Number of protein chains: 2
Amino acid sequence: MSKSNNVYKDAYNRGLRLLDETKSLPSEPELGALLGVSRTTIRTILARMEETGLITWNKRSKTVLRVPRPDDFFPEEETDTLSQIIERSFMRRLLAGGAEPGMQINELELAREIGVGTTSVREFLIRFSRFGLIEKRRNSHWVLKGFTRAFALELTEIREMFELRSAAAFAALPEDSPVWADLDLLEDEHRLLAREIATRFNEFSELDERFHRLIHRASHNRFIVDFYDVIAMIFHYHYQWNKAQERERNEVAVAEHLAYIAALKSRDPGKVDAACRKHLKSARHTLLTSIPEGQQPQRA
Amino acid sequence: MSKSNNVYKDAYNRGLRLLDETKSLPSEPELGALLGVSRTTIRTILARMEETGLITWNKRSKTVLRVPRPDDFFPEEETDTLSQIIERSFMRRLLAGGAEPGMQINELELAREIGVGTTSVREFLIRFSRFGLIEKRRNSHWVLKGFTRAFALELTEIREMFELRSAAAFAALPEDSPVWADLDLLEDEHRLLAREIATRFNEFSELDERFHRLIHRASHNRFIVDFYDVIAMIFHYHYQWNKAQERERNEVAVAEHLAYIAALKSRDPGKVDAACRKHLKSARHTLLTSIPEGQQPQRA
DNA sequence: ATAATGTCTTTTATCGTGAAAAAACAGTTT
DNA sequence: AAACTGTTTTTTCACGATAAAAGACATTAT
């Protein structure tokens, strides 16, 4: 099987959406830049679009013949990266319960179960290890440290340290920095979401991530920025499995964000610190209450 | 070639040193625990020891016949892990100059140059990426961010944040914690080294690492503990290439450590903070002055 | 002359394979 | 029966091979 063509399929799907808007497509390099793939992939896409009668293609002219139908798209699941597939599979096992701290992780078994090669699983585990949930025994298996209360506490400790520092750096940014415009846009989105929170509460987590990443970026420190990946990963998966009081939680968080944004705009260090602390405190509380108690890490 | 037997060779060499001390070797499981390898490897080792006339081996009896000679040992370079080999090779290129920020890293070329498979190089790069010196372009090459002044500043910023916190946590540890005994031992080693600094100054970096790791461990936070890997890596390689005023630097650092240790033992938060800050300041200064100026990161 | 397209080359992503090493199981010895 | 040794099975580590995707070079169109 060697390598799936998910890059092509995903780009193709995204390319279909362009057909709604124009009567003719731009040049190959331009399309490549637009979809974030190489010309090689673009040409494969164009070839198929021609084949399925979506466009005519002759050198520079790429005329749209018809609007894409739902069945023109490749199925969603065929557009996923292998590492996304492995990650999802792995996280499901991890969060589905029965994953006790101290448990061994078997590369071969994982690979067989997911139906992929061991190399991909190995690479995934190496990449994943920086999240601090697993650990490698030299020349031997991986050990699951587990999504425990201790993990959550250690994670939030760093998060709070980093975010307080980033928020302070943010507030100290000069007036003419482009981040203030970004912040204004995010503020608008927050207000909109707040108004329609009853129906759109599940859109919060995406907004949450963008907001916090913007703040962390103000630190101008790659270690701080990168650390947000850990937080994002945890939030992403954990809240997929813990929907309790999601609406209420998010409603509170949106309000806290708005207060936080106001504090940042005031550029008053004291206010920023207070608003940031308040939000982080409730975020920690939310995370901690959602962790099943009693899971205690095993002795090594 | 598939897989080198470096685990066996390294364990064999370490096993040879046991022959100096005893007239007969312990049981297979015991040897395995001692050398940190499986029984399978132990049996391979014993088989060779018998073959080369070092011991007689019959079931439980493993009698030492003679003391090992220098040529009984496997050559040092055959005992290295593949990832150690790749790491060394990669760091040499990175520090040897000509490695401009923004430069592309080619897996295939690296693999060919080092004479290993691409898989091993890929895995190394993934593992190495957490140090923040390289970055992956999705579906494409890696980009070297480079060992720049910015890197050093970002690194030290986090280091200072983490170490101040760890030092405070350390000082707050109860009297009966075993760390105080560890600290006493380290203090003795520091005093010894201080006395013979003129000749043994190059032994400092190993002691330095042990000292700081002990402190970081007091944080009880895996992210803080793990971050010391980044620092250790940088120090390890960077100082191999920058020996300027090594003796003076280390002499100063030993003195600062002793003051730092005294502060910890006083358990006075103010003193700890001051001593820690002083040492971190000079550590940062040392690192910064050793970075060649003018290396500016490229635009993305 | 610039920027596109057409073609060819190189690199990355992934798998299957096989040896090294670990782990599990079975049989012995004290 | 506890702990060892002998044997077999499983897993990890590393490679070469191959399709997907990127990138480089040559050619053509505006």
Side-chain angles (χ1 to χ4, degrees), chain A residues 1-11 26-32 35-47 57-62 81-83 85-86 104-112 115-126 136-142, chain B residues 1-11 26-32 35-47 57-62 81-83 85-86 104-112 115-126 136-142:
Chain A
M1 209 205 291
S2 170
K3 193 181 180 181
S4 89
N5 53 355
N6 68 80
V7 172
Y8 153 67
K9 286 179 176 171
D10 179 55
S27 76
E28 294 173 14
E30 211 169 318
L31 280 168
L35 299 176
V37 294
S38 75
R39 253 188 75 217
T40 309
T41 305
I42 291 295
R43 300 189 111 237
T44 322
I45 291 171
L46 290 173
W57 178 29
N58 187 278
K59 311 209 168 169
R60 294 173 192 227
S61 95
K62 308 170 194 81
T81 312
L82 232 211
S83 74
I85 294 170
I86 297 174
Q104 293 188 9
I105 297 166
N106 188 318
E107 288 176 8
L108 200 60
E109 187 189 317
L110 254 178
R112 271 195 297 250
V116 298
T118 52
T119 314
S120 313
V121 170
R122 280 173 69 77
E123 287 181 6
F124 165 75
L125 290 172
I126 295 170
K136 175 110 183 106
R137 291 283 136 87
R138 202 181 105 89
N139 256 319
S140 182
H141 53 263
W142 292 83
Chain B
M1 207 205 291
S2 173
K3 192 180 182 182
S4 89
N5 53 356
N6 68 80
V7 172
Y8 153 66
K9 286 179 176 171
D10 180 54
S27 76
E28 294 172 14
E30 209 167 323
L31 279 168
L35 299 176
V37 293
S38 74
R39 253 189 73 216
T40 309
T41 305
I42 292 294
R43 300 188 112 239
T44 322
I45 290 171
L46 290 172
W57 178 29
N58 188 278
K59 311 207 167 170
R60 296 175 189 224
S61 95
K62 308 171 193 77
T81 314
L82 234 210
S83 73
I85 294 169
I86 297 174
Q104 286 182 212
I105 297 166
N106 188 318
E107 288 176 6
L108 200 58
E109 186 189 317
L110 252 179
R112 271 196 297 248
V116 298
T118 51
T119 313
S120 314
V121 170
R122 279 174 70 77
E123 286 181 6
F124 164 76
L125 291 172
I126 295 170
K136 176 110 182 103
R137 291 285 136 86
R138 201 179 108 88
N139 259 319
S140 181
H141 53 262
W142 292 83

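The basis for the numbers below is simple: all heavy atoms, side chains too, and nothing from hydrogens, waters or symmetry mates. For clarity, every value in this text was computed on a predicted model and none was experimentally measured. Throughout, protein chains are lettered first and strands after them, A, B, ... in sequence-line order, and every chain is numbered starting at 1.
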Without hydrogens or angle criteria, can the side chains of B:W142 and B:E107 be said to hold a donor-acceptor pair below 3.5 Å? yes
Pairs under 3.5 angstrom, nitrogen or oxygen only, protein versus nucleotides 8-11 of chain D, please.
unit_1	atom_1	unit_2	atom_2	d
D:dT11	OP1	A:N106	ND2	2.9
D:dT11	OP2	A:R112	NH2	3.3

Compare the minimum distances between each of C:dG6, C:dA21, D:dT5 and the side chain of A:N139, then state the nucleotide with the smallest one. C:dA21
Closest listed nucleotide, where the reference is the side chain of B:R43 and the choices are D:dT5, C:dA4, C:dG18: D:dT5
Residues at least two apart in sequence or cross-chain that pass side chain to side chain donor-acceptor pair (under 3.5 Å) with B:N6, listed by chain then number, are B:S4
Touch class at under 4.0 angstrom, heavy-atom based, for B:S4 against every strand present: sugar-phosphate
Can you run through DNA chain C from 5' to 3' and write each base as (, ), [, ], | or . depending on how it pairs? Watson-Crick or G-U wobble, both distances under 3.5 Å. ||||||||||||||||||||||||||||||
Using a heavy-atom cut-off of 4.0 Å across all strands, would you classify B:S27 as base, sugar-phosphate, or nothing? sugar-phosphate
All side chain to side chain donor-acceptor pair (under 3.5 Å) counterparts of A:K9, not counting sequence neighbours: A:E78
Return the nearest nucleotide to the side chain of B:R60; candidates are C:dA13, D:dC4, D:dA22. D:dC4
Side chain to side chain donor-acceptor pair (under 3.5 Å) filter on B:T40, not counting sequence neighbours, yields none
Using the side-chain heavy atoms of A:K136, tell me which of these nucleotides is nearest: C:dT14, C:dA21, D:dT12. D:dT12
At less than 4.0 Å, is any side-chain N or O atom of B:S140 found next to OP1 or OP2 of D:dG23? Yes or no. yes
For the side chain of A:K3 and the base of C:dT12, is some donor closer than 3.5 Å to an acceptor across the two? yes
Sequence neighbours left out, what passes salt bridge (Lys or Arg N to Asp or Glu O under 4.0 Å) with B:E30? Give chain and number order. none
Atom CZ of B:R137 and atom C1' of C:dA13 are separated, to the nearest Å, by 18 Å
Nearest to the side chain of B:S120 - C:dA19, D:dT5, D:dC15? D:dC15
Go through C:dC15, D:dG6, D:dA22 for me and flag the one nearest to the A:V37 side chain. D:dA22
The side chain of A:T41 lies closest to which of these nucleotides: D:dC15, D:dA22, D:dA19? D:dA22
